[in-house]
K.L.:
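This is the structure I want to talk about, given as structure tokens.
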4 protein chains.
Amino acid sequence: MVGNSRPDRPASPRPAPRKRPRQARSRALVDAILDATARVLVRDGYAALTTNAVATMAGVSIGSLYQYFPNRDALVLALRERHSRQMHALIVAQMAGEEPGLAIMIARTIRAAMQAHRLEPALHKVLATEAAHLETHHEKDETEGLLHALLERYALGAHAVVTVPDLRVATFVVGRMAHALIHAAVIDPPPGVDPDLLEGETVRAVMAYLTAGRDAA
Amino acid sequence: MVGNSRPDRPASPRPAPRKRPRQARSRALVDAILDATARVLVRDGYAALTTNAVATMAGVSIGSLYQYFPNRDALVLALRERHSRQMHALIVAQMAGEEPGLAIMIARTIRAAMQAHRLEPALHKVLATEAAHLETHHEKDETEGLLHALLERYALGAHAVVTVPDLRVATFVVGRMAHALIHAAVIDPPPGVDPDLLEGETVRAVMAYLTAGRDAA
Amino acid sequence: MVGNSRPDRPASPRPAPRKRPRQARSRALVDAILDATARVLVRDGYAALTTNAVATMAGVSIGSLYQYFPNRDALVLALRERHSRQMHALIVAQMAGEEPGLAIMIARTIRAAMQAHRLEPALHKVLATEAAHLETHHEKDETEGLLHALLERYALGAHAVVTVPDLRVATFVVGRMAHALIHAAVIDPPPGVDPDLLEGETVRAVMAYLTAGRDAA
Amino acid sequence: MVGNSRPDRPASPRPAPRKRPRQARSRALVDAILDATARVLVRDGYAALTTNAVATMAGVSIGSLYQYFPNRDALVLALRERHSRQMHALIVAQMAGEEPGLAIMIARTIRAAMQAHRLEPALHKVLATEAAHLETHHEKDETEGLLHALLERYALGAHAVVTVPDLRVATFVVGRMAHALIHAAVIDPPPGVDPDLLEGETVRAVMAYLTAGRDAA
DNA sequence: GATGAATGAGTTTTCATTCAT
DNA sequence: TATGAATGAAAACTCATTCAT
């Protein structure tokens with residue numbers, strides 16, 4: 001099953017065998033198991049996520065599954081961790097580069113977050129709902145940190161266009177607002193609304209909130 | 001099915017049967033069961049919601065539970081239904097009265113929704129996440145209808161302060177945005193932020209979005 | 001089986017192979033494994049004695065364990081064998097020397113047996129109870145032989161102080177009696193009784209039985 | 001399976017139905033399960049004592065087994081408890097009656113204990129060895145109490161024939177000695193020795209110990 | 001209708017043992 | 001020989017659901 005009888009390369013000099021054993025093998029197995037977990041989760045939901053189903057889908061014996069994961073929940077936890085890491089990495093990558101004004105940065109951030117959510121929308125949805133009871137430490141925490149830093153940089157100083165007095169509040173409100181709209185757009189898009197249009201609206205909403213009342217103030 | 005040969009008392013006049021037993025009894029039982037479901041759900045989460053646990057907590061036999069609910073999920077579905085009805089009723093009640101300008105109506109609506117979420121925050125959270133996969137028809141749908149009607153009334157006509165062109169989009173965006181912020185405020189309030197302050201911020205955010213760019217346009 | 005094509009270094013002179021590797025290595029491994037078995041057995045009991053636990057505790061791979069022991073029970077069997085040999089050797093050693101009267105010999109024998117039981121009391125207890133079902137041939141058999149020979153020598157002849165008519169019966173009774181008291185004294189000593197005192201009592205009991213009724217007869 | 005379609009008695013007056021339900025049923029089931037446990041234990045040993053095997057042998061579903069016993073060990077614990085109770089009851093019953101001298105009482109006690117061990121020798125053996133690691137509180141404790149009381153009554157006073165100074169020690173030594181010999185006689189009788197003869201020898205050994213040295217003192 | 005004992009399919013989890021490297 | 005990842009049969013245990021009373 002895992003044997004995988006890869007035909008030994010023909011008798012070449014084999015300069016540096018560098019056997020790449022332990023680690024590489026385990027990695028592959030662990031990844032296969034997590035992939036299977038994701039697939040079962042997306043296809044059948046959390047309730048149907050049995051360890052046997054995962055092992056079967058991964059083409060791995062149930063024993064191997066337990067070699068790497070102590071129990072069923074550890075599976076989901078690890079998957080969520082991996083998924084979060086991937087999303088976070090994507091966001092960070094897409095936000096790199098010179099830093100123009102707030103509006104552009106907000107737009108760029110929201111776009112990045114949307115991209116990240118498009119990575120595995122179905123999986124993200126299941127993890128966000130059915131796996132919600134498994135400890136905390138969502139990706140939210142880290143991503144919110146990014147947002148906070150961003151606002152901090154633009155809330156003060158020369159181009160301080162932000163009108164919200166308390167930065168914590170602003171971060172929180174913007175974070176939730178944007179997150180909800182991104183989810184809405186990517187995860188369960190509304191039937192009669194153009195999803196692409198929603199990206200712009202999200203930016204609009206966030207900017208409106210952040211700079212509102214400048215005139216009214 | 002075969003047994004149960006206890007002969008019903010012979011057709012006597014039955015002077016004052018003290019009516020309403022049937023209905024009232026069932027009602028009381030059903031409610032007790034749903035209450036128990038809510039308690040177990042809040043205390044232990046959806047995964048630990050066993051029919052026996054519910055029956056025990058309700059002080060009812062497991063057999064009686066199945067007399068009124070065909071299976072486990074029906075329990076949660078009915079609870080969600082009941083909870084939604086209660087929330088919706090509260091919102092409708094609080095929104096009654098003459099209709100002033102948009103800002104006031106939005107504020108009132110958001111306040112009403114917040115009140116509704118304060119009805120059973122913990123239960124609401126569990127239902128919104130762990131029970132999200134059980135069929136659709138969330139309370140959202142109905143409440144969103146309310147919102148749509150509201151915006152419709154103010155988006156057009158004389159005092160058309162709303163700058164968002166597509167009403168569907170506006171309804172959607174405002175609905176998600178407000179919902180997220182209300183949830184955030186009531187269900188998992190941020191550690192360092194004053195929850196009461198968030199109500200105002202929610203109104204601010206919604207209004208900012210709806211009326212943004214009036215000057216920029 | 002198929003792989004393993006690592007070419008053994010070409011037939012070089014191999015100056016001083018430092019003989020005895022094979023045997024000595026195996027010995028060391030086997031002993032390490034048996035030690036680990038004993039430790040796990042004492043710490044966690046027979047039920048928790050897993051081959052993996054033993055291998056880990058021995059600092060040996062599970063594969064190596066199976067190189068030397070065909071299965072789990074063989075482990076315990078071998079350990080019991082080793083333990084019995086050690087005990088028996090100690091008893092034999094301590095009983096050497098000239099042979100005075102019966103009373104002295106009995107005392108010496110009991111003392112020797114007590115010493116032997118003090119070798120590994122905890123291990124002895126586990127082996128005697130939880131491993132009792134694994135085949136027969138306990139150390140008892142051999143030790144009982146010693147006892148029988150001893151009684152035989154003193155039961156008849158000039159100084160025949162023994163009043164028990166059937167020697168087999170006497171051997172049996174004395175064996176069980178002494179064994180029980182030794183176990184009691186060494187393995188689970190009674191809370192309020194001085195353990196050292198019990199050695200004397202054991203001798204007293206045995207002698208009383210063997211010589212009882214001399215006057216009454 | 002358990003249905004047990006006992007044909008309802010013909011339409012008799014049925015004076016007092018006294019339905020005897022709950023308790024009686026459970027009792028029967030629990031007893032059936034314990035009986036099955038004993039049978040499996042005796043037939044196949046502790047290692048083969050699986051909950052499924054017990055349930056099958058008892059003619060009961062695995063679910064029912066777990067309705068009454070929280071886990072496998074509880075099964076054995078309860079069985080040992082029951083067995084001990086039975087043995088103890090038998091001993092107490094057989095020791096009733098007027099109380100003659102020490103020798104007779106000792107003889108009677110040992111006979112009673114032997115009878116008790118003959119109740120279920122095979123089961124007793126398995127419980128004493130393979131189930132030894134499951135908590136303590138063996139029947140020994142209670143029976144030893146009986147013995148202690150007995151010796152107390154005869155060690156002092158007019159007919160104080162007992163020469164052992166410390167009563168605790170005497171109780172302990174006699175208890176262990178007798179227990180070992182009874183076990184030996186009933187549980188694993190020696191091949192070449194007449195089991196019946198061993199009862200007398202046990203009495204002899206105990207009496208010899210208790211009264212030894214009267215002349216020597 | 002009400003009860004709760006009984007059921008058993010379905011899950012999780014363990015661990016002795018194998019075998020490719 | 002040594003290693004330890006992989007295997008999978010077998011066990012323990014759960015819980016939705018039924019049904020005789």
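The model shown is predicted, which means the values in this text are computed figures rather than measured ones. Chain A is the first sequence line, chain B the second, and so forth, proteins listed ahead of strands; every chain is numbered from 1.
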K.L.:
Give the dot-bracket line for DNA chain F from 5' end to 3' end: parentheses for intra-strand Watson-Crick or G-U pairs under 3.5 Å, square brackets for crossings, | for inter-strand pairing, dots for unpaired.
P.N.:
.||||||||||||||||||||

K.L.:
Taking C-beta and beyond as the side chain, do B:L41 and B:V54 meet within less than 4.5 Å on heavy atoms?
P.N.:
no

K.L.:
Do the charged groups of A:D44 and A:R39 touch, with an N to O distance under 4.0 Å?
P.N.:
no

K.L.:
Whole-Å distance between E:dA6 C1' and D:I33 CD1?
P.N.:
11 Å

K.L.:
Just the rounded figure in Å: distance from P of E:dA6 to CZ of D:F69.
P.N.:
12 Å

K.L.:
Spell out, as yes or no, whether a donor-acceptor pair under 3.5 Å connects the side chain of D:S64 to the backbone of D:V60.
P.N.:
no

K.L.:
Both A:L65 and C:Q67 contact DNA chain F. Which one's nearest nucleotide lies toward the 5' end?
P.N.:
C:Q67

K.L.:
Could you tell me whether B:R80 and B:D73 make a salt bridge, using a distance below 4.0 angstrom between a side-chain N and a carboxylate O?
P.N.:
no

K.L.:
Choose from E:dA2, F:dT7, E:dT7 the nucleotide whose nearest atom is closest to any side-chain atom of B:Y68.
P.N.:
E:dA2

K.L.:
With the side chain counted from C-beta on, respond yes when B:L79 and B:L123 share a heavy-atom pair under 4.5 Å apart, and no when they do not.
P.N.:
yes

K.L.:
With sequence neighbours excluded, tell me which residues meet side chain to side chain contact (heavy atoms under 4.5 Å, CB included) with D:A128.
P.N.:
D:H183

K.L.:
F:dA5, F:dG4, E:dG8: which one has an atom nearest the side-chain heavy atoms of D:S61?
P.N.:
E:dG8

K.L.:
So, the side chain of C:E130 versus the backbone of C:Y46: is there a donor-acceptor pair under 3.5 Å, distance only?
P.N.:
yes

K.L.:
Can you name the atoms? Protein N/O to nucleotides 11-14 of chain E N/O, anything below 3.5 Å, with the distance.
P.N.:
{"residue": "E:dT12", "atom": "OP2", "partner": "A:T51", "partner atom": "N", "Å": "2.8"}
{"residue": "E:dT12", "atom": "OP2", "partner": "A:T51", "partner atom": "OG1", "Å": "3.0"}
{"residue": "E:dT13", "atom": "OP2", "partner": "A:Y66", "partner atom": "OH", "Å": "2.8"}
{"residue": "E:dT13", "atom": "OP2", "partner": "A:R72", "partner atom": "N", "Å": "3.4"}

K.L.:
Verify side chain to side chain donor-acceptor pair (under 3.5 Å) between C:R72 and C:Y66, making sure each step is shown before the conclusion.
P.N.:
CA-CA 9 Å; C:R72 204 188 75 159; C:Y66 274 89; over 6 Å; no

